Amino acid sequence: EAQVTQNPRYLITVTGKKLTVTCSQNMNHEYMSWYRQDPGLGLRQIYYSMNVEVTDKGDVPEGYKVSRKEKRNFPLILESPSPNQTSLYFCASSSTGAATGELFFGEGSRLTVL
Amino acid sequence: LAKTTQPISMDSYEGQEVNITCSHNNIATNDYITWYQQFPSQGPRFIIQGYKTKVTNEVASLFIPADRKSSTLSLPRVSLSDTAVYYCLVGDMRGASKIIFGSGTRLSIQP
């Protein structure tokens with residue numbers, strides 16, 4: 001089954017404790033992206049990657065890092081999480097890019113930073 | 001990047017046709033228009049995409065006037081399961097994939 005898998009789905013952590021949210025897709029998509037969703041603000045793009053070893057900033061990249069060492073994986077790294085990073089995070093992938101093709105989203109990762 | 005404006009919320013009834021309009025006055029020549037549907041605590045799901053005129057698929061139609069400064073998502077004969085948030089996106093077809101999701105339109109369908 002074609003899917004985008006995120007882990008963990010739920011996480012409560014404390015300020016400053018590094019964490020990684022993994023994202024994996026099985027559709028051989030070149031494009032992958034991370035979004036955060038906050039009440040009243042819709043979805044905001046954090047980082048995106050057009051292909052392996054190619055990443056770029058979205059609208060809200062501060063406090064986040066990403067890497068794209070393999071085509072199928074695109075982990076989101078919070079080096080020193082802060083409470084304002086409490087949010088619902090979505091990973092997505094596409095064969096042609098976010099603007100021109102269908103984005104496939106994961107089920108989301110709800111992160112709480114205390 | 002073109003900013004989009006949608007109504008915050010809409011209400012309708014089962015069996016009705018629902019039209020959600022999105023305004024994108026600053027749309028660029030190379031931009032596509034895409035609509036997504038999102039249920040609570042789930043990732044958005046692609047509905048339809050278009051560049052100009054009209055596009056239709058098995059679930060919706062997308063109407064884009066000649067000036068492309070707005071677009072209308074049309075959902076025929078809605079049901080309770082169409083209650084969701086609908087997002088209009090505008091993005092560059094040349095592959096620059098920094099795009100903006102707006103705040104979306106919360107559609108509520110009543111029996």
Side-chain angles (χ1 to χ4, degrees), chain A residues 2-6 9-10 21 23 25 27 29-51 54-61 66 68 74 87-111, chain B residues 1-9 20 22 24 27-52 55 57-60 62 68 71 84-107:
Chain A
Q3 60 186 2
V4 177
T5 303
Q6 299 179 223
R9 294 287 313 283
Y10 301 91
V21 185
C23 175
Q25 51 93 4
M27 295 168 279
H29 285 165
E30 289 79 17
Y31 176 87
M32 297 186 74
S33 182
W34 276 102
Y35 300 84
R36 62 177 288 174
Q37 185 167 37
D38 303 290
L41 296 177
L43 284 139
R44 294 181 290 170
Q45 192 177 44
I46 303 171
Y47 269 95
Y48 64 93
S49 169
M50 297 297 288
N51 214 324
V54 180
T55 63
D56 209 345
K57 296 177 180 179
D59 284 324
V60 288
V66 293
R68 187 88 182 275
F74 190 45
S87 187
L88 178 60
Y89 291 86
F90 289 102
C91 178
S93 73
S94 172
S95 61
T96 60
T100 58
E102 178 178 350
L103 273 171
F104 292 85
F105 282 82
E107 294 183 331
S109 297
R110 188 170 293 279
L111 170 66
Chain B
L1 295 170
K3 186 178 184 299
T4 60
T5 302
Q6 305 173 230
I8 293 174
S9 64
I20 306 175
C22 179
H24 27 80
I27 190 168
T29 303
N30 295 312
D31 285 344
Y32 272 110
I33 300 157
T34 312
W35 285 80
Y36 285 83
Q37 175 192 56
Q38 186 180 26
F39 298 112
S41 298
Q42 293 185 23
R45 185 176 66 176
F46 175 92
I47 301 174
I48 198 166
Q49 184 178 77
Y51 183 77
K52 62 180 179 181
V55 179
N57 61 23
E58 62 275 9
V59 298
L62 178 59
R68 305 203 323 126
S71 59
V85 178
Y86 292 82
Y87 293 95
C88 164
L89 279 69
V90 173
D92 190 334
M93 62 182 279
R94 292 171 297 178
S97 289
K98 184 174 181 177
I99 64 169
I100 297 174
F101 277 80
S103 296
T105 297
R106 187 173 299 276
L107 176 64

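Quick caveat: nothing in here was measured; it's all calculated off a predicted structure. Just so it is clear: chains get the letters A, B, ... in the order the sequence lines come, proteins before strands, and each one is counted from 1.
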For the side chain of Ser93(A) and the backbone of Leu103(A), is there at least one donor-acceptor N/O pair under 3.5 Å apart?
no
Does Val60(A) offer a backbone N or O that forms a donor-acceptor pair with the side chain of Arg36(A) under 3.5 Å?
no
Chain B heavy atoms under 4.5 Å from Arg110(A): which part of the residue, side chain, backbone, both or neither?
side chain
For Gln6(A), which atoms come within 4.5 Å of any heavy atom of chain B: side chain, backbone, both, or neither?
neither
Supply the atom-to-atom distance Phe104(A) CZ to Ser95(A) OG, rounded to the nearest 0.5 angstrom.
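Answer rounded to 0.5 Å: 7.5 Å.
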Please rank Gly43(B), Ser41(B), Pro44(B) by heavy-atom pairs under 4.5 Å with chain A and give me the top one.
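Of Gly43(B), Ser41(B), Pro44(B), Pro44(B) has the most heavy-atom pairs under 4.5 Å with chain A.
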Taking the six-membered ring of Tyr48(A) as reference, does the NZ or CZ atom of Arg68(A) fall below 6.0 Å from its centre and within a 45° cone about the axis?
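Output no; distance or angle outside limits.
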